[in-house]
Amino acid sequence: MKKYDHKKIERKWQKFWEQKKSFAAKDFDNKKKYYALVEFPYPSGDGLHVGHVRSYAALDAVARYKRMDGYNVLYPIGFDAFGLPTENFAIKHKIHPRVAVDKNIKNFTRQLKALGLSYDWDRMVDTTDPKYYKWTQWIFLQLYKAGLAVRQEIPINWCPSCKTGLANEEVINGKHERCGTEVTKKLLKQWVIKITKYADRLLLDLALVDYPERVKTQQINWIGKSEGAEIVFPIVIPARAGIQSSGSRTARASLVASGMTENIQVFTTRADTLFGATYLVVAPEHPVVASYLQSQPHTHGVWNLHEVKEYVEKTLKKNDILRTAEDKEKTGVELKGLRVKNPLTGEALPVWTADYVIMGYGTGAIMAVPAHDERDYAFAKKFKLPIKPVIEPVTGIPAEKEEKKEAIVAVVRDSKTKNVLMLDWGPRQANWGGMLFIGGGVEAGESDLVKVAQREIAEETGYTQVSFIGQANIPVNNHFYSNVKNRHYVARMHGLLFELKGGSQTGLKLDSGEHGKFKLAWVPEAKVVAMVSDPGHALIYRLLTSGDVYTGEGTMVNSGKYSGLTSEEGRRRVTQDLEKQGAGKQTVSYKLRDWIFSRQHYWGEPIPIIYCPDHGEVPVPEKNLPVLLPKVKKYEPTDTGESPLAGIKAFVNVKCPICKKPARRETDTMPNWAGSNWYFIRYADPKNAKEFASRRKMDYWLPVDLYNGGMEHTTLHLLYSRFIYKFLYDQKLVPNPEPYARRRSHGIILASDGRKMSKSFGNVINPDDIVGEYGADTLRMYELFIAPFDQMVPWADRGVVGVYRFLMRVWNFYQSNQAKIIASNPLFPGGRGSGEAEKAVHKLIKKITSDLLDMKFNTAVAAFMETINKFEELENIPQGVAERYLILLAPFAPHMAEEIWQEVLGHKKSIHTKEWPKHNEKYIVEDTLKIVIQVNGRTRDIIMVPVDLPQNKIENQALASLKVEAQLQGKTIVKTIYVKGRLVNFVIK
RNA sequence: GCCGCGGUGGCGGAAUUGGCAGACGCACUGGACUCAAAAUCCAGCGAGCGCAAGCUCAUGAGGGUUCGACUCCCUCCCGCGGCACCA
């Protein structure tokens, strides 16, 4: 028997496939195409990670399966090699990034080839190849021409020690990753890509694609669409501000001179709370603040310029992390003297600036409604600003005919035990009964709610020694049914909290219907929430005990003509009315920010723009692309805050393409994401020198049918590349609106200690070692086997051995002559065998095919194991069965399958060109059924019956079972449940 | 805090979507082979009671729906991931 020499076998077939170009994708085949894509790796100095292998092996299995199933498959690979890691690697090892990339790509290529992945190597791309990044620059120019690439002064992360701008990726916990200095914000002119213009389509078109739900929701949340209204608050200067009245020329003139606008626009999703706005807050970066500071103090009297200036400066120094992660204590300062007018009420409101309002969202200004917003509430409490409730919650379900009443709900807490007094009205019915607090109507003539509540407490519980603690800030309108009165009510319930001071009780004084209907119950605090059965009572309890602000919807109050409307209707009406008077409009706001595209680093694509003293920004003419990254000796970041390219005269100095006068090149480079945005398009036509890809080839190959990559790219690469593709689609340059029809993500592989694999922990598994010891087939199959594909899982050395043992058994099985039996069988002409083996292989075909389509690789591998176990039990395996098993295995263990196929079974052509087998249900169907017999839902016996046995016969057989008989002793059968072909269940009493 | 995902033997995980809980693999135990070990092969392997047939308990906790719940509903606890003053 031949030994399994994985090294020899794997090397042999890898060479064979490479020489024959077995897996090259043909452009324009008459077969159906299938484009399987894995995120191309970043060729780091550490080499391939076992995490890469998981993704690549999985899609390799799919790609190989699809080829065998008759598809023309494109399964390409390339390298994403620009960016910081390489630059840092180069600096650390004192070699040029170009050299480092070439070296790393070579190493990665060797490792990938040793895994026997069926890539079409002729289509390999490298984002740092000028022939490639020419088109990355070209795409940038298209964005520029469309007005989507613009230069803006934007606050960026800034390292004051290195004097350089930083990418977000370089900021770790608020510190510069290289020097540890705290990062600040600095205004710099940056290239910005207007991805926000596509926010809505990026959101809507998620409906067109098959992505995992969590990927979709993560993108939806990231885009963060909120529908709301923009409301215009005109700025007024009140008379008491000093010298001049609001119409005063002097005051106005000063404001206008300082650039002050006529009004402040706010964004809100709750226009229904406009009557509850008691002040305005603008972000410290808001232009109103700047104009306020520039205005002339002596004309304005009470202006507190100094204080405002100090606050703004302090805030701007903080970076985002400090500003948000710092204690949540609200800070802010009033822009004294400045007032705005509520456009609907005419009420004058003060204006504050506070860092809890951020410039980047909405309009950078809000109307504060402290009664119905937690942040505004906290701010108003701290600075003693008025709080005005304008929404009352509504609970319960309205009935057609209901009586209105004012009511109280009293929560009584024992001062010692902290238990809460509840009334137990028996089991909860549809809208009455259950556990409630003490409640009662306010009767005519009663005005003091505390007295009303004390009266009700005494009447219903007899307790008189209760002291008032507090009242809920808003009443709850509760629709309910009174069983006692047999009537529907809507009660405006005021919540009051009491403490019991003494246990003495007087006689109860109940309404006629109340006698004996309820019991008193002292409920521990922790259980109250779970026990209270009425939603209105539950809400009151929350308002009373947690001090929560009511931020939900409800019915409008204290809102003039809008009072009584629901929140939803109120929002519509208020917005409409504002629109009519030109004081507002319906609008939409997104959390998504524009994409900062400039990096002050050497190792990236130069941005193809020239600055001319006469013509300003001039794009590099397309015929002059690529703008080559110059070869330099020094590529370390400078300490001037400019890209290292700025110091290279031969690069910087250039003639203006329009007037030929001396001009300067842009010296910033593009971020890492630029090259990876569109690489999957290039695979369709990787060598094209005239276009980024030919339209015909794109029409054939795109979109990607299956794209696998990491979860960590969901809101970066995945979103960016969707955006770029949509942009190209709008330019009529690519054929579809979405680049990836189906997206899947693999879980990361942790080290066996459960931590992340990391050189510093010394727990890294190198794929080379596993390939060396057990072979690529074992490594690939192991990684598919360990866990569901999308789940994170720790590495287990022993698990590798398990898969290796399995492959050894497969090897030995085919080496023995067990697999070459039965030439023909009378029942199955054509050399196919009958019975168990045939059934097993048909089941396997079905299982493997559906698992490949569903990406359930772990259960597919288990099925291979199960089937080989079965084969070993059986005496004879027909050759046809053995061959089909091997064909199914080919996408998973391609080397071993090929070796056995050609060397042991003597076939002349590669197994990977063999057609994928089809299963036939008729071989799978069992001729006897296993019927589970249950008594009261518990399995008591299992019987085997012929498939065609009718129900009554099955039931009779079930009854005849001795084990069932034992259960039936002295009981009667109430009901018999039969589930076709599956079980009989006797319900007995 | 909000959103999403998850919790099943000693471990990684199966379970046709409401119908035999624990497939497959690892670890472990016993046996065969061996002078011995490794490798390999055979058998066992959720817990408790029992000589056994078998019975009882068991899918994070508690409740509910159902003839029947890992699966559906409610409440809670824990873990992971994302977002985080987004008005």
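What you are looking at is a predicted structure, and each value in this text was computed from that prediction instead of being measured. Residue numbers begin at 1 in each chain, while the letters A, B, ... track the order of the sequences. Just so it is clear, the values below take in all heavy atoms, side chains as well, and ignore hydrogens, waters and symmetry mates.
Scanning atom types as modelled, no donor and acceptor separated by under 3.5 angstrom connect the side chain of E213(A) and the base of G4(B). For K330(A) against C85(B), a side-chain-to-base donor-acceptor contact under 3.5 Å is present.
Nucleotides C80(B) and G9(B) are separated by 22 Å at their C1' atoms, to the nearest Å. Atom P of U17(B) sits at a distance of 33 Å from the matching atom of G81(B), rounded to the whole Å. Here the separation of U56(B) from A69(B), taken at their P atoms, is 15 Å to the nearest Å. A distance of about 16 Å separates the P atoms of G10(B) and C49(B), rounded to the whole Å. Between A23(B) and A43(B), the two P atoms lie 15 Å apart (nearest whole Å).
A ring-centre distance under 6.0 Å is found for F813(A) and F871(A). Taking the six-membered ring for Trp, Y782(A) and W795(A) have ring centres closer than 6.0 Å. Annotation: F379(A) is in aromatic contact with Y279(A) [ring centroid separation under 6.0 Å].
Of the candidate nucleotides A21(B), C24(B), A14(B), A14(B) has the atom nearest to the side chain of P788(A). Each of A15(B), U40(B), C24(B) was ranked by its minimum atom distance to the side chain of T859(A); first place goes to A15(B). Checking G13(B), G25(B), A87(B) against every side-chain atom of F267(A), the shortest atom distance belongs to A87(B). Side-chain proximity of R798(A) to A87(B), C67(B), A27(B): nearest is A27(B). The R809(A) side chain lies nearest to C41(B) when the options are G13(B), C41(B), G19(B). Across G12(B), C80(B), C3(B), the shortest atom-to-atom separation from the side chain of I786(A) is found for G12(B). Checking C3(B), C55(B), G19(B) against the side-chain heavy atoms of N221(A) singles out C3(B) as nearest. The side chain of F785(A) approaches C24(B) more closely than any other nucleotide in the set C24(B), A14(B), A21(B).
In this structure, D851(A) atom CG and A23(B) atom P are separated by 17 Å, rounded to whole Å. If you measure from atom NZ of K216(A) to atom C1' of C3(B), you get 17 Å, rounded to the nearest angstrom. Taking atom CZ on F857(A) and atom P on G13(B), their separation rounds to 17 Å, with Å as the unit. If you measure from atom CZ of R940(A) to atom P of C67(B), you get 18 Å, rounded to the nearest angstrom. One interatomic measurement links the two molecules: NZ of K756(A) to P of G81(B), which rounds to 11 Å at whole-angstrom precision. Taking atom CG of residue N936(A) and atom P of nucleotide C55(B), one finds them 14 Å apart after rounding to whole Å. The distance from atom CE of M865(A) to atom C1' of C26(B) is 10 Å, rounded to the nearest whole Å.
For K314(A), the NZ atom counts as loosely surrounded, since its 6.0 Å shell holds 12 or fewer non-hydrogen atoms of other residues, nucleotides or ligands. Residue E921(A) qualifies as enclosed at atom CD: its count of foreign heavy atoms under 6.0 Å is above 12.
Contacts of V979(A) with the nucleic acid, taken as non-hydrogen atoms under 4.0 Å apart, include base atoms.
Residue S226(A) places at least one side-chain N or O under 4.0 Å from the OP1 or OP2 atom of A87(B). Side-chain N/O atoms of Q934(A) include none lying less than 4.0 angstrom from OP1 or OP2 on C67(B). In this model, the phosphate group of U16(B) is not approached by any side-chain N or O of S850(A) to a distance below 4.0 Å at OP1 or OP2. OP1 or OP2 of U16(B) has not a single side-chain nitrogen or oxygen of R982(A) nearer than 4.0 Å. Put simply, R938(A) has no side-chain N or O that comes within less than 4.0 Å of OP1 or OP2 on C55(B). For the OP1/OP2 pair of G25(B) and a distance below 4.0 Å, the side-chain nitrogens and oxygens of N869(A) include at least one atom meeting the criterion. For G81(B), neither phosphate oxygen OP1 nor OP2 lies less than 4.0 angstrom from any side-chain nitrogen or oxygen of R214(A).
Side-chain atoms of T859(A) and D851(A) form a donor-acceptor pair, as typed in the model, at a separation below 3.5 Å. A donor and an acceptor atom, one from each side chain of D376(A) and Y356(A), are located under 3.5 Å apart.
Between V803(A) and T363(A), the residue anchored closer to the 5' end of RNA chain B is V803(A), taking for each the nucleotide with the nearest heavy atom.
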